[in-house]
Amino acid sequence: DLLVHVRDITHPDTILQKATVLSVLKNLNLPSHLLDSMVEVHNKVDLIERYKPTEENALAISALHGHGLEELKEEIEKKILTATGKNILSVTVNLEGPQLSWLYKEATVQEVEVMPEDGTARVKVIIGNSAFGRYKNLFPN
């Protein structure tokens, strides 16, 4: 669903390495949308003072120090959701009803926050458009 190209930005041949990787990927006859949506990651930015990527959409990280990793995770999540046609949603369910069980079967439940005072739960799910349409038809409220 997604290609992530991590480069050692401190390597003296980093530009040539990128060209080589892109050439190999193109020779593999991968679908063009994979190449177009590839995430470019520049690693080891902690070794270059005040590093700013010159390439459009490149993410600067330091795996050693954790710099930029949260942004990288967010970008990967966004691209995967787009590629798979899924969304992250929060829905409120009645705990006495079948909604929560249905969500566990038909979606990926990420988080459940129970509200004991009113017998509901706020549920964060990853769900496809068609599954969410079925959910809304089954549980209109």
Determine, stepwise, if the pair Ile127 / Thr108 fulfils side chain to side chain contact (heavy atoms under 4.5 Å, CB included). CA-CA 7 Å; Ile127 191 167; Thr108 303; over 6 Å; no
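Applying the salt bridge (Lys or Arg N to Asp or Glu O under 4.0 Å) definition to pairs two or more places apart or across chains, none involves residues 25-36. Counting only residues at least two apart or on different chains, the salt bridge (Lys or Arg N to Asp or Glu O under 4.0 Å) pairs with a member in residues 122-141 are Glu106-Arg134, Glu113-Arg122. Residue pairs meeting the side chain to side chain donor-acceptor pair (under 3.5 Å) criterion with at least one partner in residues 89-103, sequence neighbours excluded, do not occur; the list is empty.
Atoms OG1 and NE2, on Thr82 and His33 in that order, are 11.5 Å from each other to the nearest 0.5 Å. Taken from CG in Asp1 to CG in Leu34, the straight-line distance is 7.5 Å, to the nearest 0.5 Å. Taking CD of Gln17 as the start and CD1 of Ile15 as the end, the distance is 9.5 Å to the nearest 0.5 Å. Atom CG of residue Leu3 and atom NE2 of residue His5 lie 10.0 Å apart, to the nearest 0.5 angstrom. Note that NZ of Lys78 and CD of Glu74 are 9.5 Å apart. Values are rounded to the nearest 0.5 Å.
Across all their heavy atoms, Val123 and Val125 have their closest contact at CG1-CG1, 3.6 Å. Of all the heavy atoms in Thr14 and Asp8, the pair that sits closest is OG1-O, 3.4 Å.
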Name every donor-acceptor pair, under 3.5 Å, that has one atom in a side chain of residues 48-65 and the other anywhere in the protein, sequence neighbours excluded.
unit_1	atom_1	unit_2	atom_2	d
Tyr51	OH	His42	ND1	2.6
Glu55	OE1	Arg7	NH1	3.1
Glu55	OE1	Lys18	NZ	2.5
Glu55	OE2	Arg7	NH1	2.8
Ser62	OG	Asp46	OD1	2.8
Ser62	OG	His65	N	3.1

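Using a 4.5 Å heavy-atom threshold, the side chains of Ile9 and Asn43 count as separate. Side-chain contact check for Leu81 versus Ile126: some heavy-atom pair is nearer than 4.5 Å.
Following chains of ILVMFWY side-chain contacts shorter than 4.5 Å, one cannot reach Leu2 starting from Met38, and the two form parts of different hydrophobic clusters. One hydrophobic cluster holds both Val112 and Val93 under the rule that ILVMFWY side chains link at heavy-atom gaps under 4.5 Å. In the hydrophobic clustering of this structure, Val6 groups with Ile76; members are Ile, Leu, Val, Met, Phe, Trp, Tyr whose side-chain heavy atoms approach within less than 4.5 Å, directly or through other members. Hydrophobic cluster membership differs between Val45 and Leu72, with clusters built from Ile, Leu, Val, Met, Phe, Trp and Tyr side chains linked at under 4.5 angstrom. Side-chain heavy atoms closer than 4.5 Å link hydrophobic residues (I, L, V, M, F, W, Y) into clusters, and following such links, possibly through other members, connects Val21 to Leu30.
Residues that satisfy the ring pair (Phe, Tyr, Trp, His ring centres under 6.0 Å) test with Phe132, not counting sequence neighbours, are absent from this structure. Remark: Asn87 pairs with Asn129 by the side-chain hydrogen bond (donor to acceptor under 3.5 Å, both in side chains) rule, at least two apart or across chains.
Ser23 places no side-chain N or O within 3.5 Å of a backbone atom of Ala19 that could act as its donor or acceptor partner.
Taking a cutoff of 4.0 Å between a charged side-chain nitrogen and a carboxylate oxygen, Glu75 and Lys79 qualify as a salt bridge.
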